[in-house]
Amino acid sequence: MNAWIPSPMAAATRYAIKTLDLLFVDSDLTRRRNSRSHCAAAATNTCEDLICRLSSIAKRFHGPLSPPPPPPPGAKPRRRHPYHYHALMKAFSRAGHSDEVLRLLRDMKESGCKPNLLCYTTAIHSLVISNRPSEAQSLFQEMLMNGVHPDTTSFSILAKSLAFHLKHFDSALTFLGCMVKNGSEPDVVTYSSLIAGFCRAGLVDDALKMFNIMHELKCTPNAHTFTPIIQFYCSRGEIRMARRILDYMHYYSIVPDAVAYNVFVQALCQARQFEQVETLLRESDENGWMPDSVTYNTYINGLCKAGRVDDAFDQLEVMLGKGFHPTAVTLSILLNLLCSESKVVQVKSLLENSVLLGWFIGTDGYNTVMSRLCESGQWVAALKLFADMVKKGVNPDTHTFNIVINSLCKGGKLGVAKCMVRSQGFIADSVTYNILYCAFQTAGRIDEFHDLFSNMGLLQDSVTYNIVIDYLCRKGRYSEAIYFLRTLEDSFSPDVVAHLTFGLVKGGKLGEVLSLFRDMLDRGLVIDHCIFNSLIKAFCLKGSCGGMGIYKLYVVLDVMLGIRLILRQLLCEKCNKH
DNA sequence: CTAGGGTTAG
């Protein structure tokens with residue numbers, strides 16, 4: 001489909017195939033395979049073919065192209081216009097190739113065509129959506145240096161990066177102030193992005209505050225503004241609140257669209273209220289929305305998860321009957337279903353013959369099946385499937401490589417995994433980092449991990465921090481775990497605090513838990529529901545919810561709820577009155 | 001002529 005776009009991982013793929021080939025040659029596995037020698041030989045040959053094919057694709061794109069047709073006699077050479085660059089940059093940005101976007105921007109400058117606001121904006125946006133926030137910020141700076149004045153759109157993109165991706169809400173709000181100073185008023189998109197950021201971080205009160213500010217400034221909200229709020233309530237299973245918001249929207253003539261309803265359908269599916277979903281679909285016409293492929297995917301997945309496989313296939317037929325093509329997500333859902341039913345043989349034949357069926361199973365489809373294989377311990381099969389997909393011309397992505405690396409780690413091939421990550425052109429993400437960190441930790445080779453990857457700029461996230469905290473708690477190194485939490489930039493992120501709480505309670509370190517919470521309350525931080533859940537779960541696991549143990553839990557809960565603080569406040573007020 | 005926001009699987 002996108003054969004002319006090089007896979008960003010082409011070099012890493014070549015390396016991976018070569019390495020895995022060697023691995024199989026060396027292993028017992030191949031000895032077994034060699035008993036059917038012709039098969040093994042064929043496989044080796046195809047791998048070599050593959051490398052040739054991949055490099056020829058790469059050459060076709062990067063190497064000398066066939067000469068362009070000569071211009072008609074007398075024609076003036078056409079000047080390059082930023083518009084032409086912009087169109088290309090937009091296409092690459094949509095395909096997730098931020099490096100190509102940057103290359104075009106460089107090209108532009110080198111050929112003396114000054115990038116305009118739109119080109120910069122698109123490039124910055126592509127960096128933001130590829131999770132490269134610091135580069136996005138420096139490009140923004142560069143734009144300012146070159147005298148290109150930002151507008152509401154470009155400011156909004158950076159504000160979104162701060163709030164939605166980095167969760168730096170203070171910076172985002174300060175940035176909003178900067179916008180106003182620079183004469184760009186935030187608009188409904190800017191505010192909606194911030195609201196989405198707040199909601200995703202579970203800070204619904206701040207989201208609602210933002211919503212009130214919008215209202216005061218007479219900025220009319222739309223479906224984009226409300227969807228994250230609906231999503232917040234749905235994610236907590238508060239279906240009635242979600243429905244109230246949908247009603248509220250109708251009341252104020254802001255008609256919820258398919259996206260807003262899809263969020264709701266997802267919540268209904270999770271609560272297994274399938275008859276409600278049916279009603280919603282039946283009444284969609286009169287409510288002014290059209291179910292789309294996401295609606296059906298969500299519904300089908302919900303039915304699969306609930307074990308109602310026949311109903312799921314019925315819905316698939318409804319979906320196809322309405323003229324929707326199965327998307328990559330539809331196929332993933334179905335492949336997951338088949339894998340969970342242990343129909344791996346059928347799945348493989350489906351992958352082999354998908355084109356004959358008229359369904360193109362691409363990267364996501366292979367990723368799904370490889371994941372399931374790896375999870376169920378069939379890591380060799382997962383690696384073989386990787387070779388198959390490349391053979392079929394399906395480009396692997398970072399997720400594919402993460403599964404391959406995970407499979408190698410599970411098979412104890414840490415050295416091979418290590419080389420693959422360090423191979424040329426490999427694009428790692430925080431998941432890659434976490435897989436490797438876990439594997440090296442389990443193998444007791446964590447020092448080696450630090451030596452190898454400390455200067456690679458691999459991305460860490462809260463999952464990484466949780467892995468570290470788990471490890472320290474397991475080893476009984478509680479004070480180090482607490483110290484580690486405090487050294488983090490976002491030192492009291494609820495997710496990580498919840499993890500540490502769990503470890504501390506399990507280790508009976510209640511004093512440490514209490515002082516941690518007191519510290520948080522003193523700083524005015526919120527102890528959110530996931531911390532409560534984690535704490536109560538840990539107490540239950542320890543069997544401390546009966547007898548005297550329950551009082552310990554009460555004491556901790558009191559502190560968490562800040563009851564003492566409230567009491568102290570009340571007492572002070574009384575004292576002042578008298 | 002051109003740009004930015006909210007949803008589905010792993």
Side-chain angles (χ1 to χ4, degrees), chain A residues 81-91 93-94 116-126 128-129 136 150-161 163-164 184 186-200 207 221-232 234-235 245 249 256-267 269-270 289 291-302 304-305 319 324 326-337 339-340 363-375 397-400 402-403 406 431:
Chain A
H81 192 274
Y83 170 67
H84 302 130
Y85 278 104
H86 180 256
L88 265 177
M89 287 164 78
K90 205 172 64 179
S93 174
R94 280 207 193 126
N116 61 8
L117 177 60
L118 264 80
C119 292
Y120 272 118
T121 307
T122 303
I124 292 168
H125 184 229
S126 102
V128 167
I129 58 181
D151 63 354
T152 300
T153 300
S154 39
F155 273 123
S156 299
I157 291 169
L158 270 199
K160 188 198 163 192
S161 159
F164 196 79
S184 297
D187 63 7
V188 59
V189 178
T190 325
Y191 289 122
S192 302
S193 304
L194 287 187
I195 287 175
F198 279 128
C199 287
R200 199 163 79 144
N222 58 25
H224 288 265
T225 321
F226 285 99
T227 307
I229 302 173
I230 298 173
Q231 164 83 316
F232 170 85
C234 286
S235 69
I245 297 195
M249 289 171 76
D257 59 4
V259 180
Y261 277 108
N262 288 344
V263 172
F264 191 53
V265 167
Q266 157 83 343
C269 285
Q270 259 164 7
W289 69 288
D292 61 8
S293 54
V294 177
T295 321
Y296 287 105
N297 286 342
T298 309
Y299 188 20
I300 291 170
N301 187 44
C304 288
K305 284 269 171 68
M319 176 181 175
F324 291 108
T327 66
V329 177
T330 322
L331 293 174
S332 253
I333 291 165
L334 297 174
L335 290 170
N336 262 322
L337 175 71
C339 287
S340 69
T363 312
D364 291 339
Y366 275 92
N367 287 352
T368 302
V369 180
M370 283 169 63
S371 283
R372 298 288 83 76
L373 287 172
C374 183
E375 269 168 24
D397 61 8
T398 297
H399 187 186
T400 320
N402 285 341
I403 301 162
N406 203 1
V431 180

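Throughout, a chain's letter reflects where its sequence line sits, starting with A, and its residues are numbered from 1.
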Exercise for the section: Could I get the full list of salt bridge (charged side-chain N to carboxylate O under 4.0 Å, His left out) partners for A:R200, not counting sequence neighbours? Expected result: none

Problem - Side-chain donor-acceptor pair present, A:N301, A:T298, cut-off under 3.5 Å - result: no

Check every strand shown and say whether [X] touches a base, only sugar-phosphate, or nothing at a heavy-atom separation below 4.0 Å.
X	result
A:S156	base
A:A87	nothing
A:L118	base
A:S192	base
A:A260	base
A:Q270	nothing
A:T190	base
A:V263	sugar-phosphate
A:V188	base
A:D257	base
A:T152	base

Mind checking what makes side-chain hydrogen bond (donor to acceptor under 3.5 Å, both in side chains) contact with [X], not counting sequence neighbours?
X	value
A:T368	A:S332
A:N336	A:R372
A:T295	A:N262, A:D292

Problem - Pairwise side-chain contact, A:C304 with A:I333, heavy-atom cut-off 4.5 Å (strictly under) - result: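 Answer yes - side chains close enough.
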
Handout entry: Set of residues satisfying side-chain contact (heavy atoms from CB on, under 4.5 Å) with respect to A:S371, sequence neighbours excluded
Key =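 In terms of side-chain contact (heavy atoms from CB on, under 4.5 Å), with neighbours along the sequence ignored, A:S371 is linked to A:H399, A:I403.
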
Fill in the blank from the handout: First and last nt of DNA chain B near chain A, cut-off under 4.0 Å to heavy atoms, 5' to 3', are B:dC1 to B:dG10

